[in-house]
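The structure appears right after this line, and notes come after that.
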Amino acid sequence: MLDTVTADLDDAQREAVDHDAGPLVIAAGAGTGKTRTLTARVARLIDSGVAPEEILLLTFTRRAAAAMTSRAAALCANPAVTQRMWSGTFHAVAHRIVAEYSQHLGLEDVTVLDPGDVTDLLDLLREEHGLTGTQQRLPTSQTLADICSRAVNTGVPTRKVMADQFPWCLEHADRINELLKAYVTRKRDRGLLDFDDLLIYWRALLADPLVGDRLRARWNWVLVDEYQDVNQIQVDIVRLLRPDGSGLTVVGDDAQAVYGFRGATAEHLLRLHEDLGGSTLVRLTRNFRSSQQILDLANVVRPGELRLDLVADRGPCGPLPVHVQCANADDEARQVADAVLAAHQDGMDLRDQAVLFRTGTHSNQLEIELRVRGVPFHKYGGIGYLETAHVRDLIAAFRVSLNPIDEISWYRLLTRHRALGKVSARVLAARLVEGTDHGDIVAEAPPKARTALANTLDLIRAAAATRIPAVQVEACLKAVEPLLRQHYVDWPRRAADVDGVARAAAGQRDLRSFIAEATIDPTSVSGDWAKKPHLDEDHLTLSTIHAAKGLEWRSVHLLRASDGALPSDMALSTAEGLAEEQRLFYVATTRARDRLTIYSPMRLPVHPTSLHSRHVLAKPSRFLTDKVLKAMESTLSPGVQAPASAGASGGSVAPTVAVPDLGELFG
DNA sequence: GTCTGCGCTTTTTTT
DNA sequence: AAGCGCAGAC
């Protein structure tokens, strides 16, 4: 009889799918059918009679979780039952469990702080502690949050974190620690959870004798994707879920570990076998994605302990990878746009092409070029709508209407009022949290703020009085809009975003879960109100390498393969930092199926956050070694041969036309 | 206390 | 370059 679950698999994949309940580690190189194997294993379990709710599938992105669930469904005899399976990101599952057991944790109500809330709270505490004076200029709250998160995720004391990663903060170590202690206390007092807390609370529940046993009994099968990206807390969670390793399957590739900055290390993958006192290792090395030419390059680049040299299932086909040396960032943008449009002319859809880069700002010039030429694109990674100030303002209104003691959101909302600055907002927010009557609040506010404030509070009260999302959203929008209109000089540019979020929220069944979801995974929501591409329209993908993980395109363009950009100059100071950049380079090259083009601008903006800053000389990335270049065809962009026409390259050009001097007008 | 303008610092990746 | 915090003017 034909076995539909394993019909399309090779021997190694089939071995993983058919493996029994013993702990299983799948070492899967890029493009080796990791997702296919994992989903087939899930389907096999369900078809063999395992109840879907006994299965927990943990991923790092919601996109991966959704893809796996739907692919498993396609393989199952009874697709509908896969809906009952537990599948999601570590954080999303943690949120669900923490909400379910909130009573046991002493929490009335679970409020999740997004990274912006965290910095707001730190700013608030900084004021309360009188740490804003001239003498002791502390690092930004953003940096403090990073230090805190790193310490929590790695179990390393903050002082050592600062010494290793943030040396310029060391001189303030005592005050920073004092502030972070206050931060932790305030979170505990108010029942606020940041992203790290979600995992910590889940771990705490699992470690509790009573609750832990109940949770363990819930899932007999635990499958973890991208195990090279787990940090210590996540390892603890997995080990507490399956202490003896039975029913545990993990998939990973040490060469694709790129989340060291949030406490992950591939050591967890490499050592799992020892930690469990034995497990089965299945190695997947047959690559179904890329041409041999691309893999020849990737195999040279590949770092790591697991020697997963990839063999192309497709054999030699398609062109050699190309290295293009460009004059500067603008030239690079033109070359990419030219190449994308040429391929499109030749019949390759835009959706089959992608442009990858190390940081969000690296695509600035290209985005302009694409807009000028009318090429539709969608950018992944970098700052999303949900992180923009105006959208967070609206969400703050949602939050206070759901939870009147959400001090951070009140504070944010109040500071949007004219004549309410930090001081009044802090005082009034505290009074609101105490439950003070709205009338009294208005009376306590500075006279100039009273009319607007009374209006806001009325509308928030109206929003709080209903459970119908559309009505609730409408009231919040009405409260926020006039405030934002006068607060932001460029309001017209922002208005569409606010409307978009409002519309998305109004269409939900439950506003509370919409907010929680949007907080834990902003990307899940952002696509819906993308004003630019209607995602069904053919469009080009622009993405950070991080956000491109696990995906593939026929043609991939890698920008800024120049020292200082990739590898990022911020990673050069430590060996681990540099190694992680190399893994990123590997991840980028292995996204391509047929064509890979790597660009190295010879001049780069000093300050990447701006478009027109001074350019300095840059060398091609150190990852483009002779051996790598041997696997490529090298070309020079036309812009390099004729630098005078290359536009803003920074050098001065001999004029051929005399520009009139208008000096006499100003004499 | 709030608003405005100036100088200093920062500078990546994400749940 | 830009965003943030600080100082001085209302």
Side-chain angles (χ1 to χ4, degrees), chain A residues 58-65 88-95 112-115 118-119 123 126-127 131-143 146 149 153 165-166 168-169 193-199 226 229-231 233-234 257-264 356-362 364 380-384 387 389 415 417-427 445-449 517-524 543-549 560 564-572 577 580-581 583-584 587-588 605-614:
Chain A
L58 292 168
T59 62
F60 279 85
T61 65
R62 175 180 297 263
R63 184 166 54 188
T89 65
F90 271 93
H91 290 85
V93 173
H95 178 247
V112 183
L113 303 176
D114 68 32
V118 172
T119 53
D123 284 340
R126 185 192 292 243
E127 300 237 336
L131 292 175
T132 46
T134 316
Q135 304 301 338
Q136 43 201 2
R137 199 188 185 97
L138 291 187
T140 61
S141 290
Q142 174 64 67
T143 306
D146 286 346
S149 180
N153 279 306
Q165 302 284 321
F166 306 85
W168 69 91
C169 299
L193 279 69
D194 62 25
F195 284 172
D196 298 331
D197 290 326
L198 287 170
L199 299 183
E226 310 265 23
D229 288 328
V230 293
N231 62 31
I233 304 173
Q234 290 160 324
V258 293
Y259 285 100
F261 66 92
R262 65 180 193 208
L356 308 185
F357 33 85
R358 175 67 178 88
T359 77
T361 53
H362 287 168
N364 285 352
Y380 296 87
I383 292 182
E387 289 141 81
T415 52
H417 290 72
R418 180 144 272 172
L420 291 186
K422 286 178 188 172
V423 176
S424 313
R426 200 174 78 218
V427 173
K448 282 181 189 162
E517 212 161 282
T519 304
I520 295 169
D521 183 14
T523 56
S524 69
S543 175
T544 59
I545 300 173
H546 282 90
K549 208 138 162 270
R560 307 285 162 103
L566 179 60
S568 160
D569 49 10
M570 252 159 302
L572 299 182
E580 184 145 309
E581 300 291 307
R583 294 191 292 268
L584 274 167
V587 168
V606 200
H607 208 91
T609 53
S610 84
L611 272 176
H612 299 295
S613 84
R614 199 162 53 84

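We name chains A, B, ... by the order of the sequence lines, and we start the count at 1 in each one. Just so we're clear, the structure is a prediction, and the values are computed from it rather than from any experiment.
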Check the pair A:Asp123, A:Lys422 against salt bridge (Lys or Arg N to Asp or Glu O under 4.0 Å), reporting the backbone distance first and the verdict last. CA-CA 10 Å; A:Asp123 284 340; A:Lys422 286 178 188 172; over 6 Å; no
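- Between the CG atom of A:Asn231 and the CG atom of A:Leu199 there is a distance of 6.5 Å, given to the nearest 0.5 Å.
- In this structure, CG of A:Asp146 is placed 19 Å from P of B:dT9, rounded to the nearest angstrom.
- For A:His546, the side-chain atoms get nearest to B:dT14 when compared with the rest of B:dT15, B:dT14, B:dT11.
- Comparing B:dT2, B:dT14, B:dT13 by their nearest atom to the side chain of A:Val423 picks out B:dT2.
- In this structure, A:Phe90 reaches neither bases nor backbone, as no heavy-atom distance under 4.0 Å exists between it and the strands shown.
- When the nucleotides B:dT2, B:dT13, B:dT11 are ranked by their closest atom to the side chain of A:Thr359, B:dT13 comes out on top.
- If you take OH of A:Tyr380 and P of B:dT15, they are 13 Å apart, rounded to a whole angstrom.
- Of the possible donor and acceptor atoms, one in the side chain of A:Glu581 sits under 3.5 Å from a partner among the backbone N and O of A:Ser568.
- Closest-nucleotide positions on DNA chain B for A:Thr140 and A:Val258 were compared, and the one nearer the 5' end corresponds to A:Thr140.
- The nearest heavy atom of DNA chain B to A:Ile520 and to A:His417 marks one nucleotide each, and the one closer to the 5' end goes with A:His417.
- With hydrogens and angles ignored, no donor-acceptor pair closer than 3.5 Å exists between the side chain of A:Arg262 and the base of B:dT15.
- Atom-to-atom, CG of A:Asp123 to P of C:dC4 comes out at 9 Å; the value is rounded to the nearest Å.
- Atom NZ in A:Lys549 sits about 12 Å away from atom P in B:dT14, given to the nearest Å.
- Applying the ring pair (Phe, Tyr, Trp, His ring centres under 6.0 Å) test to A:His546 and every residue at least two apart in sequence or in another chain returns A:Tyr259, A:Phe261.
- What you find for A:His95 and A:Val112 is that their closest heavy atoms are CD2-CG2, 3.7 Å.
- Under the salt bridge (charged side-chain N to carboxylate O under 4.0 Å, His left out) criterion, A:Asp194 pairs with A:Lys187, sequence neighbours left out.
- In this structure, of B:dT2, B:dT12, B:dT15, it is B:dT12 that holds the atom nearest to the side chain of A:Glu581.
- Counting any heavy atom pair closer than 4.0 Å across all strands shown, A:Leu420 reaches sugar-phosphate atoms only and no base atom.
- In this structure, A:Arg426 atom CZ and B:dG1 atom C1' are separated by 12 Å, rounded to whole Å.
- When the nucleotides B:dT14, B:dT11, B:dT15 are ranked by their closest atom to the side chain of A:Thr143, B:dT11 comes out on top.
- The aromatic ring of A:Phe261 sits over the base of B:dT13, with ring centres less than 5.5 Å apart and planes tilted by under 30°.
- Nucleotides C:dC4 and B:dT13, compared at atom P, are 16 Å apart to the nearest Å.
- Atom NZ of A:Lys448 and atom C1' of C:dC10 are 9 Å apart (whole Å).
- The separation between A:Asp194 atom CG and B:dT14 atom P is 18 Å, rounded to whole Å.
- Side chain of A:Thr61, nearest nucleotide from B:dC3, B:dT15, B:dT13: B:dT15.
- Taking every side-chain heavy atom of A:Met570 into account, B:dT11 is the closest of B:dT11, B:dC3, B:dG1.
- Listed nucleotides: B:dT13, B:dT11, B:dT15. Nearest to the side chain of A:His91: B:dT15.
- Between the P atom of B:dT13 and the CG atom of A:Asp569 lies a distance of 13 Å, rounded to the nearest Å.
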